[in-house]
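Proteins come first, then strands; the chains are lettered A, B, ... in the order of their sequence lines, and each starts at number 1. Keep in mind it's a predicted model, so treat the numbers as computed, not measured.
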There are 2 protein chains.
Amino acid sequence: MKPEQEQAIVEKHLREQGFRWTNQRSLIVRMAFATHDHFTAEELLDRCRKLDPKVSRATVYRTLAVLEEAGFVEGLETGDGGRRFEHVLGHEHHDHMVCLACGAIFEFRDDELERRQDLAAKRIGFRIERHSLRIYGACRDCQRGAAPRKGARA
Amino acid sequence: MKPEQEQAIVEKHLREQGFRWTNQRSLIVRMAFATHDHFTAEELLDRCRKLDPKVSRATVYRTLAVLEEAGFVEGLETGDGGRRFEHVLGHEHHDHMVCLACGAIFEFRDDELERRQDLAAKRIGFRIERHSLRIYGACRDCQRGAAPRKGARA
DNA sequence: GTAGGTGCAAACCTTTTGCAGCATG
DNA sequence: CATGCTGCAAAAGGTTTGCACCTAC
């Protein structure tokens, strides 16, 4: 899907929910969808400020909350207390492996995993809203003794 | 396993690692293992202060870090930015479902889930250190319209 | 015109840290 | 008796909030 399309979908959805479509939201959404990487709130703020230096931190946080609530963006914990976001539109659901040495994030997907989670939930009458599977450890490169990042545990 | 046994195991292990066994650590470990619930650092501090009002917050955090590092305790994110711990000794690994309405935490285990994670990791040469699967949603009771907790999203 | 959104700065909360004194091994 | 641990208080991060002004609808 093209960025402009994604942008349009988000705009439509938010308008339908009664939200206003402001310049700031447009900018923040554009930056959040610009690449399929995993960004922190602060990084997103920086990107936005390159185009409009007066965007406020509060607006970025508030918009991220709206986007997360609407399901366009997903938060994931990085294992060292941090939190990153990724946009979801046009990308199938996937899980993550986080390298504790270099911080790299690998995505993977396994249908059987999903199925078994549904099953487990059904057993106790739990209605799934979302879920998060993260595997922490060392990626192939870091097992070979690459330099660990500052503060890494491994 | 009995609490005294668990206590003894932790003490032995920490001593062997060269850590000192202080009154504070003994107390903190005792409180952490007192029940198999999911507690925050602050709650653990409170419990400890009931028996010894001068235990410091810093010591609780430092001890939790040691225990987590040693694998006696595991942290888990609650989905609303919070963090809780549970003790692990004598309890098989399990995953969690977190009710976003009432905060209840349900444990479950599925060997096939574990197996498929190992497989996915093997495929990309990733060495697993730990992993965390959490399913967020509504528990059976809350689907029937029980009063949601303050600040709940659902 | 009027909600709702924004920017700013201050408040908040949880966790970490520097340091002087204390207690364990 | 040396080092590691503790308590305190302050700092540090990351996120939220109160409020006056602004702007999309």
* Asked: Who else is in the cluster with I124(A) when I, L, V, M, F, W and Y are joined by side-chain contacts under 4.5 Å?
  -> M97(A), F106(A), F108(A), L113(A), F126(A), I128(A), L133(A), I135(A), M97(B), F106(B), F108(B), L113(B), I124(B), F126(B), I128(B), L133(B), I135(B)
* To do: Applying side-chain contact (heavy atoms from CB on, under 4.5 Å), name anything that partners Q7(B), two or more places apart in sequence or on another chain.
  => W21(B), S26(B), V29(B), R30(B)
* To do: Indicate for each nucleotide in nucleotides 16-21 of chain C, in 5' to 3' sequence, whether protein heavy atoms under 4.0 Å reach the base (B), only the sugar-phosphate (S), or nothing (-).
  => BBB---
* Please identify each residue that fulfils side-chain contact (heavy atoms from CB on, under 4.5 Å) with E43(A), with sequence neighbours left out. => F39(A), T40(A), R84(A)
* Could you tell me whether the phosphate oxygens of dG7(C), OP1 or OP2, come under 4.0 Å of any side-chain nitrogen or oxygen in T59(A)? => yes
* Asked: Which residues satisfy the side-chain hydrogen bond (donor to acceptor under 3.5 Å, both in side chains) test with E112(B), sequence neighbours excluded?
  -> R115(B)
* Roughly how bent is the helix from dG1(C)-dC25(D) to dG25(C)-dC1(D) end to end, in steps of 10 degrees, with each end axis from five pairs? -> 40°
* To do: Using a strict cut-off of less than 4.0 Å between a Lys/Arg side-chain nitrogen and an Asp/Glu carboxylate oxygen, indicate whether E42(A) and R47(A) qualify as a salt bridge.
  => no
* **All side-chain contact (heavy atoms from CB on, under 4.5 Å) counterparts of D52(A), not counting sequence neighbours** => L27(A), K54(A), V55(A)
* Sequence-distant partners of H38(A), ring-ring contact (aromatic ring centres under 6.0 Å, His included), two or more places apart -> H96(A)
* Structure fact -> Residues in residues 5-19 of chain A with a heavy atom under 4.0 Å of DNA chain C, by number, are F19(A)
* 5' to 3' contact window, DNA chain D with chain B (heavy-atom distance under 4.0 Å) -> dT3(D) to dC8(D)
* Asked: For H93(B), what residues pass the side-chain contact (heavy atoms from CB on, under 4.5 Å) criterion, not counting sequence neighbours?
  -> D95(B), R109(B), E114(B), H131(B)
* Take the protein atom CZ of F39(B) and the nucleotide atom P of dT15(C), then report the distance between them rounded to whole Å. => 12 Å
* **Results of ring-ring contact (aromatic ring centres under 6.0 Å, His included) for F33(A) - residues two or more places apart only** => H87(A)
* Has Q24(A) got a side-chain N or O lying under 4.0 Å from the OP1 or OP2 atom of dG7(C)? -> yes
